[in-house]
There are 2 protein chains.
Amino acid sequence: MPPTVEQVAERAKVSVSTVSRALRDIPGISAATRKRVQEAAEELGYAISPSASRLATGRTRTVAVVVPLLAKWFFAEVIAAAGRVLSQAGYDVLLVELSTPELREAFFAGPRLHGRSDAVLVVALQLAPDELAALQGQGQAVALVGSEREGASSVRVEDRAGGRAATRHLLNLGHERIAFLGIREAEGSPLGGVPPAERLQGYREALVEAGLPEEPALEAAVENTVDAGAAAMSAFLTAAEPPTAVVAASDELAFGAVATLRGVGLSVPGDFSVVGYDNHELAGAVSLTTMDHGVAEQGRRAAEAILGALSGAPASSGRIEPRLVVRGTTAPPRRLRRAAQTN
Amino acid sequence: MPPTVEQVAERAKVSVSTVSRALRDIPGISAATRKRVQEAAEELGYAISPSASRLATGRTRTVAVVVPLLAKWFFAEVIAAAGRVLSQAGYDVLLVELSTPELREAFFAGPRLHGRSDAVLVVALQLAPDELAALQGQGQAVALVGSEREGASSVRVEDRAGGRAATRHLLNLGHERIAFLGIREAEGSPLGGVPPAERLQGYREALVEAGLPEEPALEAAVENTVDAGAAAMSAFLTAAEPPTAVVAASDELAFGAVATLRGVGLSVPGDFSVVGYDNHELAGAVSLTTMDHGVAEQGRRAAEAILGALSGAPASSGRIEPRLVVRGTTAPPRRLRRAAQTN
DNA sequence: GCCAGTTTCGCAAGCGCTTGCAGTAGACGT
DNA sequence: ACGTCTACTGCAAGCGCTTGCGAAACTGGC
């Protein structure tokens with residue numbers, strides 16, 4: 001039904017090879033001929049057959065995007081941003097969600113991308129060396145978001161600095177008992193390796209720098225959900241000497257923490273301060289103080305790295321510096337404010 | 001680099017046609033031969049070339065998913081659910097985000113999907129007749145989520161019933177001045193046509209049934225964001241005779257409304273009740289009473305409809321009945337509770 | 001042990017595009 | 001006016017797989 005090069009050639013009174021070259025702006029075709037061909041194509045409503053083109057060239061002009069979980073804001077945002085630059089550049093985006101260990105295993109077991117994409121954008125997954133090799137073995141250029149591997153481009157966040165900054169913010173406000181609400185892998189999750197571990201390190205560093213002791217009781221690690229964050233917050237509150245502030249490794253955990261605190265009648269930030277991590281789409285809605293790590297930018301830069309790699313550029317390795325966004329869930333601890341008032 | 005049918009054929013000592021048939025479970029191959037071929041393929045790590053197969057068959061085993069905005073929870077959730085059933089069925093998922101009117105126009109102007117997918121899953125976009133025709137003209141089977149068109153499968157939500165149920169819930173609690181916080185298209189948005197209009201209708205119906213007057217001043221229509229919801233809520237509060245409850249056409253608007261209310265010191269649900277619409281991932285976090293309309297199920301069913309259409313089934317047209325999820329943002333109006341106390 | 005009827009396979013012609021190489025036609029110099 | 005270059009364009013051989021059709025092998029029945 002759709003016209004082929006042949007029909008365009010016929011109409012433009014040239015050979016198919018000329019059509020092919022004219023339409024792809026390949027030199028060696030006179031301007032006049034090129035124009036004639038383009039017009040013929042236009043009139044016929046010609047559209048190239050991707051399959052045929054791919055078969056002949058061996059390249060697909062498609063990049064696969066693999067994520068552990070599509071419905072999480074972070075991943076969706078990264079994909080959206082990456083997708084825009086990719087499709088802008090004329091690439092198709094193939095979506096791959098690896099939401100269970102089984103899917104992950106199956107995906108890396110065979111050459112599942114062979115002939116489907118030229119490159120892969122891997123978000124958040126911590127690839128094992130052989131997994132990376134499996135991808136590259138299929139001739140895929142690979143770019144990583146949220147991890148770093150030899151031989152692949154990557155975009156990472158300075159999470160340690162981020163964790164430290166979040167914690168410092170609370171220290172500067174006068175808090176001295178600050179908890180950390182971290183992320184632990186859920187059972188069925190395919191992430192494999194927890195990148196935000198650096199956030200915890202940053203937190204610890206900040207405490208040490210401030211001359212405060214590390215207290216294991218103030219560190220939790222739970223599944224990255226609102227409910228888990230809420231539960232963990234409850235646990236902190238039952239401590240003998242509860243913290244007065246918490247830095248959460250994600251905004252979702254922070255949401256949960258805030259919910260718990262307000263639920264038991266505590267005021268945030270009056271009685272307790274919370275800082276999140278992500279600058280989630282809805283962070284503003286609850287006025288959450290949080291670390292912004294340019295989620296969309298991560299996607300954008302990874303996509304650009306891929307485009308670069310596809311045109312022969314060497315692997316690049318970018319870093320993003322998170323920055324604190326102060327909103328309404330952080331304030332000096334009550335003790336200090338009382339003191340200030342009595343001044 | 002990767003092996004081809006030819007090499008498999010050679011190793012299994014059969015012809016390429018036999019390999020092709022054996023690997024695809026096409027009858028006419030003896031069990032013994034089939035096994036031999038499969039083993040040979042296995043040993044060689046053979047993977048079919050999609051391009052070649054597509055070129056030869058004309059089918060791509062790919063379905064395109066088009067959404068207006070990927071990073072919104074609703075869309076991401078629908079895609080995730082649909083993607084799971086599609087990839088389970090062996091289909092690739094091609095992602096298309098039409099986030100601006102320009103992109104939308106360009107997309108429908110040419111045969112952009114020709115040879116790229118066998119079917120399209122259109123989420124939320126209200127297709128103009130010629131847009132639908134453009135897709136079908138490219139030989140695409142099409143399934144719609146959130147709209148309905150002659151000649152295409154679709155999955156829709158009984159939004160009118162949903163709007164009515166949400167409103168009734170508030171009426172039953174004793175509210176008499178209930179506002180509606182609706183969705184209006186943003187300027188640069190490609191949605192084109194507002195499906196949730198039915199939610200407003202349901203709201204009005206419920207009021208009429210309860211013998212209450214419709215008050216235009218109690219109906220707002222804003223962009224579907226937390227901030228816009230917050231602003232609209234502020235407007236409601238400045239009314240001469242403010243409402244005591246609001247039904248929002250989305251959870252995001254509801255989040256904004258709640259934020260405004262609590263921001264000015266009003267208690268929710270003590271002083272004001274709010275019911276949302278979506279049962280957003282984070283609705284639980286703020287304990288939002290809302291209408292659940294099975295978002296994942298919409299994706300799943302649409303994907304199933306597509307698979308059906310691809311195997312020759314006639315267009316189907318499913319409906320989903322939303323249900324109320326009562327959480328913590330709705331309660332009787334203060335007036336009534338006082339009365340109850342004095343009892 | 002021979003023939004008709006089944007199975008099981010292989011041949012070869014595409015599918016629609018790309019590209020190395022060869023051929024043709026102007027352009028230019030002398 | 002003729003040879004030499006350069007600039008265009010066409011030929012044809014793939015790319016790796018599918019599939020209609022005919023050939024070969026095998027099954028029984030007699």
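Every chain is numbered from 1 and lettered A, B, ... according to where its sequence line falls, protein lines coming before strand lines.
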J.: Holding to salt bridge (Lys or Arg N to Asp or Glu O under 4.0 Å), I want the full list of residues that pass it with B/Arg24, two or more places apart in sequence or in another chain.
T.: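 Here no residue qualifies.
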J.: Does B/Val14 reach a base, just sugar-phosphate, or nothing at all? Heavy atoms under 4.0 Å.
T.: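 Sugar-phosphate: the residue B/Val14, judged by heavy atoms under 4.0 Å, touches backbone atoms but no base.
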J.: Give the first and the last nucleotide of DNA chain D, reading 5' to 3', that has any atom under 4.0 Å from a heavy atom of chain B.
T.: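 With heavy atoms of chain B under 4.0 Å away, the range is D/dG16 to D/dG20.
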J.: Any base atoms under 4.0 Å from A/Thr33, or only sugar-phosphate, or nothing? Heavy atoms, all strands.
T.: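 Since only primed, P, OP1 and OP2 atoms lie under 4.0 Å of A/Thr33, the category is sugar-phosphate.
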J.: Between B/Pro27 and B/Thr57, which is nearer to the 5' end of DNA chain C once each is assigned its nearest nucleotide?
T.: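 Closest to the 5' end, via its nearest nucleotide, is B/Pro27.
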J.: Taking the nucleotide of DNA chain D with the nearest heavy atom to each, does A/Ser30 or A/Val16 sit closer to the 5' end?
T.: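 Closest to the 5' end, via its nearest nucleotide, is A/Ser30.
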J.: Determine the contact category for B/Arg54: base if any of its heavy atoms lies under 4.0 Å from a base atom, sugar-phosphate if only primed atoms, P, OP1 or OP2 are that close, otherwise nothing.
T.: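 Nothing: the residue B/Arg54, judged by heavy atoms under 4.0 Å, touches no strand.
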J.: Please list every donor-acceptor pair under 3.5 Å in which a side-chain atom of residues 77-88 of chain B meets a protein atom from a residue at least two apart or in another chain.
T.:
from    : atom 1 : to      : atom 2 : distance (Å)
B/Arg84 : NE     : A/Glu97 : OE1    : 2.9
B/Arg84 : NH2    : A/Glu97 : OE1    : 3.3
B/Arg84 : NH2    : A/Glu97 : OE2    : 2.9
B/Ser87 : OG     : B/Gly83 : O      : 3.0

J.: Determine whether B/Arg301 and B/Ile320 make a side-chain contact, defined as any pair of heavy atoms from C-beta on separated by less than 4.5 Å.
T.: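 Touching, per the 4.5 Å side-chain cut-off.
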J.: For A/Arg21 and A/Glu6, take the nucleotide of DNA chain C holding the closest heavy atom to each; which residue's nucleotide lies nearer the 5' end?
T.: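 Checking each residue's closest nucleotide, the 5'-ward one belongs to A/Glu6.
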J.: Check whether any side-chain nitrogen or oxygen of A/Arg24 sits under 4.0 Å from OP1 or OP2 of C/dT19, and answer yes or no.
T.: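 Yes.
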J.: Main chain of B/Ala22, side chain of B/Arg34: is a donor-acceptor contact present, judged purely on distance under 3.5 Å?
T.: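 Yes: the side chain of B/Arg34 pairs with the backbone of B/Ala22.
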J.: When rounded to the nearest 0.5 angstrom, what is the spacing between OH in A/Tyr91 and CG in A/Leu307?
T.: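 Reported value, rounded in 0.5 Å steps: 6.5 Å.
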J.: Starting from the C-alpha separation in whole Å, work towards a yes-or-no answer on side chain to side chain donor-acceptor pair (under 3.5 Å) for A/Ser17 and A/Ser20.
T.: CA-CA 5 Å; A/Ser17 39; A/Ser20 175; over 6 Å; no
J.: Check the distance between C/dG10's P and B/Ile29's CD1 and give it to me in whole angstrom.
T.: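 It works out to 8 Å between those atoms.
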J.: Would you indicate what B/Ser17 reaches in the nucleic acid, counting non-hydrogen atoms under 4.0 angstrom: base, sugar-phosphate, or nothing?
T.: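 Contact class for B/Ser17: base.
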